[in-house]
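Count residues from 1 along the sequence. Whatever order the structure lists ligands and atoms in, that order sets their numbers, starting from 1.
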Amino acid sequence: MTHIRKAVFPVAGMGTRFLPATKSVPKEMLPLVDRPLIQYAIDEAREAGIEEFIFVSAAGKGALEDYFDTAAALEMSLKSKGKTEALKALEPTRMPEGALTILRQGKALGLGHAVRQARRLIGDEAFAVLLPDDVIMGSKGVLAQMVEAHSQVGGHMVASMDVAREATSAYGVLDVAHQNGRVLTAHGMVEKPRPDVAPSTQAVVGRYILEASVFDRLADLGPGAGGELQLTDAINADAGKAGLSGYQFAGERFDCGSIQGFVQATAAFAMQRGDLADEFTAFIRSRQSAAKQAA
Ligand code: UTP
């Protein structure tokens, strides 16, 4: 049984869909209720047993680095004022010594290029990749679900979900060979296929467990869709040799890289929080009835 110890978090994207907010705030620091996106991804990785966290970052993302640093002055001030609840809220931002490494991508040449930066730190073991933009709500973290399944099947594994056929052109889509429970053995995947030629409706979302052999493919990868070095292309090129499966996770995925998805996630997370749910739900209902009356 392989133990997945390391995870890569590509956080070097420019987040242009969230301008002007992302002019000075990294997209991964935008808060869903009271925690930034990156915290959800880190919590999910911890739940899955990840011990080493590798950020592939870029210039202008200092707030992301500071977030996982100790804030001595803030902590002293909270302590002296007896604000124990506020101090407790900082706990998830603490990392064990040496557990976080931050790399720079240099140029935003695509997700494949971002993951490639981590080669020396990963070495020759299977590892996870989490895109913090994809936030998945559920009782068990998706990466933990995948780690369990991966220990049975090995190879490259991607998280997948069923989408409407009209939506395939927004995703990487799996070419499924056969299904066993939640595991879909795949021949490969196609980047953003038109609905009429999509090989299935199983869309890839931002959680991966990859064998280290993917780095050999990333090393000699040329530009793919959008002129970027695509992680999908490298996985695809290695699928025949290493094996590829989709894992149909349990949970609800929000695309927090888009404004619509981010707003929906904010509402969904607020509605499931005990301290906010009643008042917030009542507020949404009153807005709906006010809108109906005005129409
Ligand atoms: P996106 O495709 O969402 O791009 O990247 P983006 O730049 O973050 O956002 P928009 O489209 O301009 O609004 C998906 C993931 O891949 C990372 C991003 O940080 C995000 O986690 N990424 C993308 C990199 O780390 N480097 C890249 O060169 C491209």
Side-chain angles (χ1 to χ4, degrees), residues 6-32 35-45 50 53-65 67-68 100-119 121-122 127-136 142-143 158-161 167 169-173 189 191-192 203-208 210 214-215 218-219 221-235 253-265:
K6 300 179 182 178
V8 177
F9 300 78
V11 292
M14 288 187 287
T16 52
R17 284 171 285 174
F18 281 91
L19 284 170
T22 46
K23 183 181 173 200
S24 59
V25 177
K27 176 171 67 174
E28 300 74 20
M29 288 304 295
L30 298 176
L32 266 188
R35 287 188 297 160
L37 291 183
I38 191 68
Q39 185 72 62
Y40 291 86
I42 293 288
D43 289 349
E44 188 184 321
I50 298 297
F53 305 80
I54 301 162
F55 287 5
V56 181
S57 189
K61 300 256 178 176
L64 202 51
E65 301 178 14
Y67 180 77
F68 290 102
L100 174 64
T101 309
I102 299 170
L103 304 174
R104 286 280 180 110
Q105 190 182 2
K107 270 189 185 165
L109 298 180
L111 180 58
H113 183 254
V115 171
R116 196 166 87 183
Q117 308 306 310
R119 181 171 202 164
L121 288 173
I122 297 292
F127 65 103
V129 177
L130 295 94
L131 306 190
D133 295 10
D134 277 329
V135 177
I136 304 163
V142 173
L143 190 64
V158 299
S160 85
M161 65 177 192
S169 53
Y171 298 93
V173 172
M189 49 192 169
E191 196 52 49
K192 301 187 172 54
V204 175
V205 305
R207 301 289 183 274
Y208 310 77
L210 302 175
V214 77
F215 288 117
L218 284 169
L221 194 67
E228 296 196 335
L229 299 189
Q230 297 287 354
L231 181 61
T232 311
D233 292 344
I235 298 172
R253 175 258 191 180
F254 295 93
D255 174 12
C256 290
S258 76
I259 293 179
Q260 183 64 251
F262 191 93
V263 172
Q264 287 179 11

Starting from atom 8 (O) of ligand 1, find the nearest protein heavy-atom neighbour and note its residue, name and distance.
K27 NZ, 2.6 Å
Close approach, H113 and ligand 1, non-hydrogen under 4.0 angstrom:
no
Among all the protein's non-hydrogen atoms, which is closest to atom 2 (O) of ligand 1, and how far away is it?
R17 NH2, 4.3 Å
So does G13 get a backbone contact from the side chain of K61, meaning a donor-acceptor N/O pair under 3.5 Å?
yes
Element-labelled atoms of ligand 1 that are located less than 4.0 Å from some non-hydrogen atom of Q105
24 (C), 25 (O), 26 (N), 27 (C), 28 (O)
Taking all non-hydrogen atoms of both residues into account, name the closest pair between P132 and P10 and its distance.
CD-O, 3.8 Å
Could you tell me, atom by atom, which parts of ligand 1 come under 4.0 Å of a heavy atom of G110?
26 (N), 27 (C), 28 (O), 29 (C)
Polar proximity ligand 1 side, D133 side, N/O cut 3.5 Å exclusive:
yes
On a heavy-atom basis, the closest approach of M29 and Y67 is CE-CD1, 3.6 Å
Those atoms of ligand 1 less than 4.0 Å from some heavy atom in L109:
28 (O)
For L121 versus K6, what's the shortest heavy-atom pair and its separation?
O-NZ, 2.7 Å
G15, any N or O under 3.5 Å of ligand 1 N or O:
yes
By number and element, which atoms of ligand 1 are closer than 4.0 Å to a non-hydrogen atom of L111?
16 (O), 29 (C)
In ligand 1, which numbered atoms sit nearer than 4.0 Å to a non-hydrogen atom of A108?
28 (O)
So which heavy atom on V56 is nearest to which on Q117, and how close?
CG1-CG, 3.9 Å
Students often mix this up, so state it plainly: with edges at 30° and 60°, are the rings of F262 and F18 parallel, tilted or perpendicular?
perpendicular
When you compare ligand 1 with G257, is there at least one nitrogen or oxygen pair between them that comes in under 3.5 angstrom?
no
I'd like to check whether P10 has a polar contact with ligand 1, where a contact means an N/O of the residue lying under 3.5 Å from an N/O of the ligand.
yes
Identify the closest protein heavy atom to atom 23 (C) of ligand 1: which residue and atom is it, and at what distance?
G13 CA, 4.1 Å
Is there a donor-acceptor contact under 3.5 Å from the side chain of Q105 to the main chain of G110?
yes
Just to confirm my output: which protein heavy-atom neighbour is closest to atom 12 (O) of ligand 1, and how far is it?
T16 OG1, 2.6 Å
In ligand 1, the atoms that come under 4.0 Å of a heavy atom of A114 are 24 (C), 25 (O), 26 (N)
Identify, by atom number and element, the atoms of ligand 1 in contact range of E28, meaning under 4.0 Å from any of its heavy atoms.
19 (O)
Suppose we screen for ring-ring contact (aromatic ring centres under 6.0 Å, His included). Which residues come up paired with Y40, at least two apart in sequence or across chains?
F269
Do you know which two heavy atoms are closest between L221 and Q230, and how far apart they sit?
CD2-O, 3.3 Å
Ligand 1 and M14, any nitrogen or oxygen pair closer than 3.5 angstrom?
yes
Ligand 1 contacted by K107 (non-hydrogen, < 4.0 Å):
no
Taking every non-hydrogen atom, the tightest pair across K192 and S169:
CB-O, 3.2 Å
Pairing residues for I102 by the side-chain contact (heavy atoms from CB on, under 4.5 Å) criterion, not counting sequence neighbours:
F55, S57, E65, L100
A12-ligand 1 polar pair, N/O distance under 3.5 Å:
yes
Sidechain N-carboxylate O distance under 4.0 Å for D134, R207
no
Report, in ascending order of atom number, the atoms of ligand 1 lying under 4.0 Å from any heavy atom of V11.
19 (O), 25 (O)
